[in-house]
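Accompanying notes for the structure given below.
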Amino acid sequence: MTQKSTIQSNLQLDQSLDFIFETVELAVLVENANREIEFANTLFCKLFNIRLTPQQLQHSNILDNANSFSMQFENATNFEKSIQEIPAKQEIIRDEKWKLRTGKTIIRDYIPIFKQNELKGHIWIYRESKSALDYKAIDNTTSAIENALHYLPTEIAIFNTKAQIVFVNKAYINNNEKRLWAKGKTLAQYFSYANLSAQTAIFRTENINKAIAEKKPVSWEELTITPFKKKQYYLRTTYPVLNNSGQVESVIEQSIDISFQKELSTQLKEASEHFFSTLNNVNDIVMQTDGELKLEFINKAWENLTGQRFEEYQGKSIFDVLSITRYELYGKMFAILSGEAKEKNGLLLLKGKDGKEKSLQYNLQSSFNVEANKHGVLATLTDITKQQLQETQLLELVKREKELNELKTAFVNMVSHELRTPLTVISSSAEILDLMLQAGKGTDEVSIYTKQIIDEVEKMTAFMQDLLMVSKIEAGKIEINPSETDVVSFVNNVINNGFNTWKDGRKAELIIKRNPIVASIDENILQHALQNLLQNAFKYSSGKSNVKVRIAFSKTYYTISVIDDGIGIPSAEMEKMFTSFFRATNTGNISGTGIGLIVTKYFTEQHKGSVNVKSSINKGSIFTLKLPYNSK
Ligand code: ADP
């Protein structure tokens, strides 16, 4: 009977102990005195690249396998020799370094097993970690496997169904004497004997009984404070071992030190808390979704901007929060989730807590949730409302500055042009007059030139008056004082004052549609508006037919249109028609100041009316004043 079967018959453990060896990260091999393999765990098979299962390896001779085992090591010959020779020395060998062919180094320990000074077997332990194991001699153990259990750095105890200790390893009770005493006792008895907490004993026993009753493993965490006040966390599990008929035969209790993992998770928790508190202090809005775009987190910046608490949105879709119906955003989100794009940017609008709309620049990126092992979306939103406002203000300022400059240039050009021509005429006429007077010429001849001087001065005066009018308008100094006026006679008066007939002999024809109605008009003011339109109509249609003036009365308003078939206005320049000093590009030699239409517009508006233009290049123009009957 092999030692392995001894353990089986004694403890009814079958292969149940194997999993204990699997939970410790050690590769373990146990041989009997004849150098036959008693036990190997999965990690061992993996390490040596053995295609057999640990069970299939059982009972084969280690020396037959030595050669193939050695193949994994850089120095295969030396390794094979060590397997053959070490057991003969019958001594513990620890912390031997062996280099694998993969480049990795592993550490090996060898422990011979004795019982009453007789060599019973050999244990080989391979491990990655450098922390040394404690290999003090163990006595009075039944089997090689039990011996191996003693060397595992984890607490292991085996109980019968009455919760009495059948076996307990060195890690559980280190003291040889106490360990021997404990055999056959309950935990309560042992804990009282060893002066340990009775409560712990009760709790552990409860879990042993629970595992027996439920036929299921029971796990719990235990905290121990070391004599150096260090916190040590253990994950303890009781596993029920069932026989072939499904009856519980025994219970294995194992405890794994999880302090490191605990420490890590505390650090991770602290780090993530720190991370989130940092996130809450940044000005940008940060949102995190899961793979289904449900919100997992929004930082404080969201509440600061919108006044809404994140709790109201937790678990809802990101689209509920951004209240964006834009197809574009969906496309971007899914491009990120599908891995098609790494990040996407854009602009969106959001209602702030002050009720005003905010412009936000967003950045979408894929985020990875380690716990859920899933990708979600990380959205960062930057409020650029202020920045945008400043930009528009700046742009407006620049535009206004540019307009002012253009206006100044146009003004200087116009003034110099409009004054130079009459001044040249005046100065040359004066020179001619002088010469004529010296030559003793008669009054008739002289009067031609004095008339020219008077005409030009009149033009200049008119021009100055126009300028003065505009400056008055711009200063808002003109007020109207309307009274009941017959519209037709008002228009007739304006026409008869210089436009019937015009300098070139043409006339202004009056057309009246529907019944004339009386309206409230400030004649002194509105006449300027109409005069300017008539002057332009004649001026820009020189050589063409008569100018037409049409008055139409409708229910709520009346219109006065001045129609010509002259040069027209280029359509691209139409929108600038009513700006100061504007003159279209097709005016050529026709003199003008770019002031008249402003005056027309302003005075019409003073009468609560509006000016409208229709024009076609080289075909003619129609300027229409639309006025209400009551302009007060
Ligand atoms: P101007 O003294 O130059 O005529 P206005 O302010 O009266 O100044 O008119 C501005 C510009 O509008 C003119 O320079 C001309 O280009 C255009 N315009 C006005 N009326 C007419 C019209 N009846 N036909 C063609 N162009 C016109």
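Counting starts at 1 for both ligands and their atoms, following the listed order. Everything numeric in this text was worked out from a predicted model, so none of it was measured. Residues take their numbers from the sequence shown, with the count starting at 1.
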- Do the rings of His528 and Phe603 sit parallel, tilted or perpendicular, given the 30° and 60° boundaries?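 Taking Phe603 first and then His528, their aromatic rings sit tilted (interplane angle of 30° to 60°).
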- Cation over ring, Lys576 on Phe582, under 6.0 Å and within 45°?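 Geometry flag: not set, cation outside 6.0 Å or 45°.
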- Message: I'd like to check whether Met577 has a polar contact with ligand 1, where a contact means an N/O of the residue lying under 3.5 Å from an N/O of the ligand.
- Response: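 No.
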- Please identify each residue that fulfils side chain to side chain contact (heavy atoms under 4.5 Å, CB included) with Ile567, with sequence neighbours left out.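 Scan of Ile567 (side chain to side chain contact (heavy atoms under 4.5 Å, CB included), adjacent residues dropped) gives Tyr540, Asn586, Ile590.
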- Query: atom 6 (O) of ligand 1: which protein heavy atom is closest, and how many Å away?
  - Reply: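 Answer, as residue, atom name and distance: Leu597 N, 2.8 Å.
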- Tell me, which protein residue and heavy-atom name are nearest atom 10 (C) of ligand 1, and how many Å apart are they?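 Of the protein heavy atoms, Phe582 O, 3.3 Å lies nearest.
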For ligand 1, note which part of [X] has a heavy atom under 4.0 Å away: side chain, backbone, both or neither.
{"X": "Thr587", "result": "side chain"}
{"X": "Ile569", "result": "side chain"}
{"X": "Ile595", "result": "backbone"}

- Evaluate the criterion side chain to side chain donor-acceptor pair (under 3.5 Å) for residue pair Asn280 and Asn299; output intermediate values, then yes/no. CA-CA 5 Å; Asn280 274 335; Asn299 67 346; 5.1 Å; no
- What pairs with Lys626 under salt bridge (charged side-chain N to carboxylate O under 4.0 Å, His left out), at least two apart in sequence or on another chain?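 Listed in chain order: nothing, the list is empty.
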- Message: Measuring from non-hydrogen atoms of Lys539 to any atom of ligand 1, is the shortest distance under 4.0 Å?
- Response: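 A heavy atom of Lys539 does come that close to ligand 1.
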